[in-house]
Visitor: 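Take a look at the following structure, please.
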Amino acid sequence: HVQLVESGGGSVQAGGSLRLSCTYSGNTYSNFCMGWFRQDPGKEREGVASITSLRKTYYADSVKGRFTISLDSAKTTMTLQMNSLKPEDTSMYYCAAKRWGCEVVQGRPDPNSFDYWGQGTQVTVS
């Protein structure tokens, strides 16, 4: 059984910063991928960033240079540091995890490849 719990969402003005965290508990795997996704009502979930157990990272073009994904030393907490936020970053953000490596489609982490999901945290940029 795997559980993912997100925290850190909220409201911020354009140009500001937020830090999202996702804590993983349950089955442990030596080779895994964790990622952040976002979804607006009526739209498909899109990949934002992902990181492998060896800390190789992938980013959607829209967030490169502004967002940073990281994994703590215990490899149980993943963080997304979001700087220079824009109104178009407003969305529900979800963390996810999967065994084995990260899969990317058209430059974005592929949500269809992930097995485990958190409940989501809202980010609003005005």
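Side chains included, hydrogens not; waters and symmetry mates left out as well; all remaining heavy atoms used.
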Visitor: What are the two closest non-hydrogen atoms of Ala49 and Pro109, and how far apart are they?
Guide: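 Taking every non-hydrogen atom into account, C-CG, 3.7 Å.
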
Visitor: How long is the gap from CE on Met78 to SG on Cys22, to the nearest 0.5 Å?
Guide: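 Here the interatomic distance stands at 4.5 Å.
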
Visitor: Would you compute the distance between atom CZ of Phe37 and atom CH2 of Trp117 and round it to the nearest 0.5 angstrom?
Guide: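 Interatomic distance, Phe37 CZ to Trp117 CH2, rounded to 0.5 Å: 4.5 Å.
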
Visitor: Is a donor on one side and an acceptor on the other found under 3.5 Å between the side chain of Arg55 and the backbone of Leu71?
Guide: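 Yes, because the side chain of Arg55 sits within donor-acceptor range (under 3.5 Å) of the backbone of Leu71.
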
Visitor: Hey, what do you get for OG1 (Thr79) to CG (Leu20), rounding to the nearest 0.5 Å?
Guide: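 CG of Leu20 is found 8.5 Å from OG1 of Thr79.
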
Visitor: Write out all pairs satisfying salt bridge (Lys or Arg N to Asp or Glu O under 4.0 Å) with one or both partners inside residues 113-126, taking only residues at least two apart or from two chains.
Guide: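 Found none.
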
Visitor: Please round to the nearest 0.5 Å and tell me the distance separating atom CE of Met34 and atom OG of Ser53.
Guide: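 The OG atom of Ser53 is 11.0 Å from CE of Met34, to the nearest 0.5 Å.
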
Visitor: Rounded to the nearest 0.5 Å, how far does OG1 of Thr68 lie from CZ of Arg19?
Guide: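 The CZ atom of Arg19 sits 9.5 Å away from the OG1 atom of Thr68.
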
Visitor: Once rounded to the nearest 0.5 Å, what's the spacing between atom CH2 of Trp36 and atom OG1 of Thr121?
Guide: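 Trp36 CH2 to Thr121 OG1: 7.5 Å, rounded to 0.5 Å.
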
Visitor: Should Asp61 and Arg108 count as an ion pair when the cut-off is N to O under 4.0 Å?
Guide: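 Salt bridge flag = no for Arg108 with Asp61.
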
Visitor: Which heavy atom in Thr77 sits nearest to a heavy atom in Ser21, and how many Å separate them?
Guide: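 Reported closest heavy-atom pair: CG2-CB, 4.4 Å.
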
Visitor: Ignoring hydrogens and angles, tell me if any N or O in the side chain of Tyr59 forms a donor-acceptor pair with the backbone of Ser62 under 3.5 Å.
Guide: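 Answer holds: no.
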
Visitor: Any link between Val123 and Met92 through a network of hydrophobic side chains (Ile, Leu, Val, Met, Phe, Trp, Tyr) touching at under 4.5 Å?
Guide: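 Shared cluster, no.
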
Visitor: Strictly distance-based, threshold 3.5 Å: is any side-chain N or O of Glu6 a donor or acceptor partner for the main-chain N or O of Gly120?
Guide: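 Yes, Glu6 side chain to Gly120 backbone: donor-acceptor pair under 3.5 Å.
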
Visitor: Could you tell me whether Glu44 atom CD has more than 12 heavy atoms of other residues or ligands within 6.0 Å of it?
Guide: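 No.
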
Visitor: Among pairs that include at least one residue of residues 75-113, which meet ring-ring contact (aromatic ring centres under 6.0 Å, His included), considering only residues two or more places apart or in two chains?
Guide: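 Pairs touching residues 75-113 that pass the test: none.
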
Visitor: Has Lys56 got its NZ or CZ under 6.0 Å from the middle of the six-membered ring of Tyr58, at an angle within 45 degrees of the ring axis?
Guide: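 Yes, a cation-pi geometry.
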
